[in-house]
K.L.:
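I'd like to ask you about the structure that follows.
Whatever order the structure lists ligands and atoms in, that order sets their numbers, starting from 1.
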Amino acid sequence: MNDSQIVDLFIIKALKENREGYISGEGLAAAASISRAAVWKHINNLREKGYKIEAVSRLGYRLTSSPDALLPEEIIPILKTKFLGEKIAHRESVDSTNALAKSLAEKGEREGTVVVAEAQSRGKGRLDRHWSSPMGGIWLSVVLRPKILPLEASRFPLLAAVAAAKAIEKLGIEPEVKWPNDILINGKKVCGILLELSAQADKIDYLVIGFGINANFKLSKIPQEVRDRATTLSEALGKKIDRRRLVADLLFELELGYRHLTEGGWKDILKDWKKRSTMLHQEISLNTLYGEVKGEFVGVDDFGAIRIKLSEGGVKTFAAGDVTVRKRLT
Ligand code: BT5
């Protein structure tokens, strides 16, 4: 974060703590160790971001409303993380937060940086599928640099799904996880996760984990063919959610899980994931790049791959694919 952003954060915090009254420009300048002209510049900058700040001569400034946006000024003060989200790059609109996070990571961006956008024009799913990303959702990517073998990276979609599910549960909803990277509510997709990485043979340069959470928008904002299999948190709850709180909870859960994973806690993460899976032990079909396989979903292996007891006999493991339930066995 640069000095100017730190001052913005400081001013917003001071204004929020004094909503009832006015803070003088002089007082703000002294507290932030900047000139009164600089205070004026920062106030204007914050107004451009959507903050409504009243200015009354001889009295000073008063915050009358904050924008409904995932601005660092809104998220950082409520974060409970140690390093995740220390730096947040916010965009009104971007092609893809994963693409931006990757280009920042290529330039050496440190671990824990978050990219978040109000809308995406070219949101990505797996296999270059399109991810609909209208205003009101949470389109967010995290840069990580784990010291693990590239082969262990396939644990991250499950780790991320558990973190997102736990954050959503705080809203009083019981979501389910769907292998490998989806979160569903009543069988409909509310969140998708996209993991991208850059690695050498024995070392990960960086990982980008992208979360697409359908938070506060009407389903009519996404294409018909997607709509039937999708839902939003506001639809599930019948009211808008506080997106800032959800982002803070998600980053907290992700950091907790990440630390646990690097300390050897994979088994617990998998247990947490399985607890939230309703497809385990069901008859499923898995669509892979090499065709369709059918059988019972019997488990997830040590590297996050799906294990299927094939209808024609034997158990096989698959690293990628799309699952559909064919028959509920229980
Ligand atoms: C995913 O892919 O589920 C991963 C989605 C990750 C999106 C995030 S947003 C922030 C970050 N930046 C990015 O550019 N991407 C990540 P997959 O399992 O392949 O699912 C894609 C399929 O989900 C599409 O083919 C549609 O059928 C469906 N879909 C598209 N948009 C959707 C939405 N908003 N809600 C529910 N389903 C959707």
K.L.:
May I ask you to decide if K294's main-chain N or O and S311's side chain share a donor-acceptor pair within less than 3.5 Å?
P.N.:
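Yes, the answer is positive, given that a donor and an acceptor are paired below the 3.5 Å cut-off.
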K.L.:
Would you tell me which option among L184, V226, L100 has the nearest heavy-atom contact to atom 29 (N) of ligand 1?
P.N.:
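Heavy atom nearest to atom 29 (N) of ligand 1 belongs to V226.
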K.L.:
What's the shortest distance from atom 2 (O) of ligand 1 to any protein heavy atom, and which residue and atom give it?
P.N.:
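The protein heavy atom lying closest is R126 N, 3.1 Å.
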K.L.:
Between R145 (side chain only) and D205 (backbone N and O only), is there a donor and an acceptor less than 3.5 Å apart?
P.N.:
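Flag set: sc R145 to bb D205 pair under 3.5 Å.
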K.L.:
Looking only at protein heavy atoms, which one is nearest to atom 1 (C) of ligand 1, and what is the separation?
P.N.:
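Heavy-atom neighbour on the protein nearest atom 1 (C) of ligand 1: K189 NZ, 3.8 Å.
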K.L.:
Over 60° means perpendicular and under 30° means parallel, so tell me whether W139 and W131 are parallel, tilted or perpendicular.
P.N.:
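W139 vs W131 ring planes: perpendicular.
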K.L.:
Taking the side chain as everything from C-beta on, heavy atoms only, tell me whether E255 gets closer than 4.5 Å to K80.
P.N.:
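Of all side-chain heavy-atom pairs linking K80 with E255, none is under 4.5 Å.
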K.L.:
Looking only at protein heavy atoms, identify the closest one to atom 35 (N) of ligand 1 and say how far it is in Å.
P.N.:
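So the nearest neighbour among protein heavy atoms is N214 ND2, 2.8 Å.
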K.L.:
For ligand 1, which atoms sit closer than 4.0 Å to a heavy atom of D182?
P.N.:
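The atoms of ligand 1 under 4.0 Å from a heavy atom of D182 are 3 (O), 18 (O).
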K.L.:
If you have a sec, work out which protein heavy atom is nearest atom 6 (C) of ligand 1 and how many Å separate them, to one decimal?
P.N.:
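Of the protein heavy atoms, K124 O, 3.5 Å lies nearest.
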K.L.:
Note the single closest protein heavy atom to atom 31 (N) of ligand 1, along with its residue, its atom name and the distance in Å.
P.N.:
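Of every protein heavy atom, S132 N, 3.0 Å lies nearest to atom 31 (N) of ligand 1.
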K.L.:
For ligand 1, note which part of S141 has a heavy atom under 4.0 Å away: side chain, backbone, both or neither.
P.N.:
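Within the 4.0 Å criterion, S141 contacts ligand 1 through side-chain atoms alone.
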K.L.:
Quick test: of every protein heavy atom, which one is nearest to atom 5 (C) of ligand 1, and how far off is it to 0.1 Å?
P.N.:
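Looking at atom 5 (C) of ligand 1, the protein heavy atom closest to it is W131 CE3, 3.5 Å.
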K.L.:
Using a strict cut-off of less than 4.0 Å between a Lys/Arg side-chain nitrogen and an Asp/Glu carboxylate oxygen, indicate whether K49 and D8 qualify as a salt bridge.
P.N.:
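The answer is yes: the pair qualifies as a salt bridge.
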K.L.:
Check E54 with R62, please: is the shortest side-chain N to carboxylate O separation under 4.0 Å?
P.N.:
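Looking at E54 together with R62, the answer is yes, because their closest N to O distance falls below 4.0 Å.
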K.L.:
Which ligand 1 atoms are under 4.0 Å away from a heavy-atom of I193?
P.N.:
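Per the distance check, 3 (O), 4 (C).
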K.L.:
With Q120 as reference, evaluate S133, P134, S132 under the side chain to side chain contact (heavy atoms under 4.5 Å, CB included) test and give the passing residue.
P.N.:
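When side chain to side chain contact (heavy atoms under 4.5 Å, CB included) is applied between Q120 and each of S133, P134, S132, only S133 qualifies.
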K.L.:
Between T97 and ligand 1, find which residue part has any heavy-atom pair under 4.0 Å and reply side chain, backbone, both or neither.
P.N.:
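The part of T97 near ligand 1 is both the backbone and the side chain.
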K.L.:
Which bit of R129 is near ligand 1, meaning a heavy atom under 4.0 Å away: side chain, backbone, both or neither?
P.N.:
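The part of R129 near ligand 1 is the side chain, not the backbone.
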K.L.:
Tell me whether N216 contacts the main-chain N or O of I241 through its side chain, where contact means a donor paired with an acceptor under 3.5 Å.
P.N.:
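Checked: pair present.
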K.L.:
Any idea which part of L140 is under 4.0 Å from ligand 1, heavy-atom wise: side chain, backbone, both or neither?
P.N.:
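Backbone only; the side chain of L140 stays clear of ligand 1.
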K.L.:
Go through ligand 1 atom by atom and flag the ones less than 4.0 Å from a non-hydrogen atom of L194.
P.N.:
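The atoms of ligand 1 under 4.0 Å from a heavy atom of L194 are 6 (C).
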K.L.:
For atom 24 (C) of ligand 1, what's the nearest protein heavy-atom neighbour? Residue, atom name and distance, please.
P.N.:
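Residue, atom and distance for the closest contact: H130 O, 3.5 Å.
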K.L.:
Does some non-hydrogen atom of S133 fall short of 4.0 Å from ligand 1?
P.N.:
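Contact absent.
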K.L.:
Let me know which of K166, K267, H260 forms a side chain to side chain donor-acceptor pair (under 3.5 Å) with D272.
P.N.:
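That would be K166.
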K.L.:
Could you list which atoms of ligand 1 come closer than 4.0 Å to a heavy atom of S96?
P.N.:
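Result: 12 (N), 13 (C), 14 (O).
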K.L.:
Under 4.0 Å from a heavy atom of A230: which atoms of ligand 1 are those, numbered in the order shown and with their elements?
P.N.:
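Listed by number with element, the hits are 35 (N), 36 (C).
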K.L.:
Quick one, K16 and L63 - any side-chain contact, counting heavy atoms below 4.5 Å?
P.N.:
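K16 reaches L63 side chain to side chain.
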K.L.:
Which atoms of ligand 1 have any heavy atom of G123 under 4.0 Å away?
P.N.:
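Here the atoms of ligand 1 in question are 14 (O).
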K.L.:
Flag the pair F318 / V293 as yes when at least one side-chain heavy-atom distance between them is below 4.5 Å, and no otherwise.
P.N.:
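Answer yes - side chains close enough.
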K.L.:
Specify side chain, backbone, both or neither for Q120, according to which of its non-hydrogen atoms lie closer than 4.0 Å to ligand 1.
P.N.:
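Only the side chain of Q120 comes within reach of ligand 1.
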K.L.:
Side-chain contact test, heavy atoms from C-beta onward, threshold under 4.5 Å: evaluate it for Y206 versus K102 and give yes or no.
P.N.:
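Side chain of Y206 against side chain of K102, heavy atoms only: contact under 4.5 Å found.
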